[in-house]
Amino acid sequence: WKENKRAISCIPEGVYRTIKQPPKESRPYKYFRLPHVEGRSGILIHRGTNPLHSKGCLLVGGRFKDINTDFPTLGESADKLTWMTTNLPDEFDLEIRKKSS
């Protein structure tokens, strides 16, 4: 948690409306957007392999790989995002909460 600063902080706990987005030039695949996050212009759920790709967004993947490095990487990210955009509704609520101990 870094005071919800864009590109470096985790997402505050809460329930967020999540909306499927069409491909665009800079992101040529379907993805999801959480448009109403206090203090941010929105948060994306998209593909990527390591935390450096997230810039404050959520990355999807099928498993962790290379876990003995400074930045564990995600495997099967594109496949999992394709599965999500094919099988999840165009809009849904996503709950973000702290990991329980």
Side-chain angles (χ1 to χ4, degrees):
W1 176 251
K2 295 182 180 179
E3 304 304 320
N4 196 27
K5 291 181 183 172
R6 188 170 190 252
I8 62 169
S9 185
C10 63
I11 301 163
E13 286 187 90
V15 177
Y16 299 97
R17 195 70 183 160
T18 304
I19 303 168
K20 191 182 300 180
Q21 302 292 297
K24 61 182 190 175
E25 188 174 324
S26 63
R27 190 168 285 107
Y29 52 86
K30 292 179 183 175
Y31 59 100
F32 295 95
R33 175 179 292 280
L34 289 66
H36 304 292
V37 178
E38 186 177 334
R40 301 213 199 160
S41 60
I43 293 174
L44 304 181
I45 300 174
H46 61 85
R47 65 187 190 196
T49 57
N50 72 52
L52 299 175
H53 297 148
S54 77
K55 297 184 180 177
C57 295
L58 297 170
L59 300 180
V60 298
R63 62 186 174 84
F64 285 109
K65 62 180 193 172
D66 300 327
I67 59 173
N68 294 321
T69 62
D70 289 341
F71 294 106
T73 57
L74 287 171
E76 304 155 6
S77 185
D79 292 342
K80 293 303 173 188
L81 184 62
T82 298
W83 183 92
M84 290 173 65
T85 58
T86 300
N87 292 287
L88 294 176
D90 290 346
E91 293 190 24
F92 59 91
D93 288 333
L94 176 68
E95 182 177 6
I96 303 291
R97 56 185 172 169
K98 288 181 182 177
K99 180 180 176 182
S100 40
S101 305

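Bear in mind the structure is a predicted one, so any value in this text is a computation, not a measurement.
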Could you tell me the separation between the [atom1] atom of [X] and the [atom2] atom of [Y], rounded to the nearest 0.5 Å?
X: L44; Y: Q21; atom1: CG; atom2: CD; result: 8.0 Å
X: K20; Y: T85; atom1: NZ; atom2: OG1; result: 6.0 Å
X: R47; Y: C57; atom1: CZ; atom2: SG; result: 14.0 Å

Derivation of the side-chain contact (heavy atoms from CB on, under 4.5 Å) call for T73 and F64: CA-CA 6 Å; T73 57; F64 285 109; over 6 Å; no
Can you name the nearest heavy-atom pair linking P23 to P28, along with the distance?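 The pair with the smallest heavy-atom distance is CB-C, 3.7 Å.
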For a quick test of reading the model, state the closest non-hydrogen atom pair linking H36 to Y16 and the distance between them.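 Looks like O-CD2, 3.5 Å.
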Of all residues at least two apart in sequence or in a different chain, which pass the ring-ring contact (aromatic ring centres under 6.0 Å, His included) check with Y29? none
Within a strict 4.5 Å, meaning less than it, do heavy atoms of the I43 and R33 side chains meet? no
With sequence neighbours excluded, tell me which residues meet side chain to side chain donor-acceptor pair (under 3.5 Å) with N87. none
Return the set of residues passing side chain to side chain contact (heavy atoms under 4.5 Å, CB included) with [X] (not counting sequence neighbours), or none when no residue passes.
X: E91; value: R17, I19
X: K98; value: E13
X: I45; value: T18, F32, L34, L58, V60, M84, L94

I'd like to check the salt bridge (charged side-chain N to carboxylate O under 4.0 Å, His left out) partners of K30; sequence neighbours left out, ordered by chain and number.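 K30 satisfies salt bridge (charged side-chain N to carboxylate O under 4.0 Å, His left out) with no other residue.
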Determine whether R63 and L74 satisfy the following criterion, side-chain contact (heavy atoms from CB on, under 4.5 Å), listing intermediate values before the conclusion. CA-CA 6 Å; R63 62 186 174 84; L74 287 171; over 6 Å; no
Would you check if the side chain of S77 reaches a backbone N or O of G48 as a donor-acceptor pair within less than 3.5 Å?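 Confirmed, S77 side chain pairs with G48 backbone.
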Salt bridge (charged side-chain N to carboxylate O under 4.0 Å, His left out): pairs with one or both residues in residues 78-89, sequence neighbours excluded: none
Same apolar cluster (I L V M F W Y, side chains within < 4.5 Å links), V37/V15: no
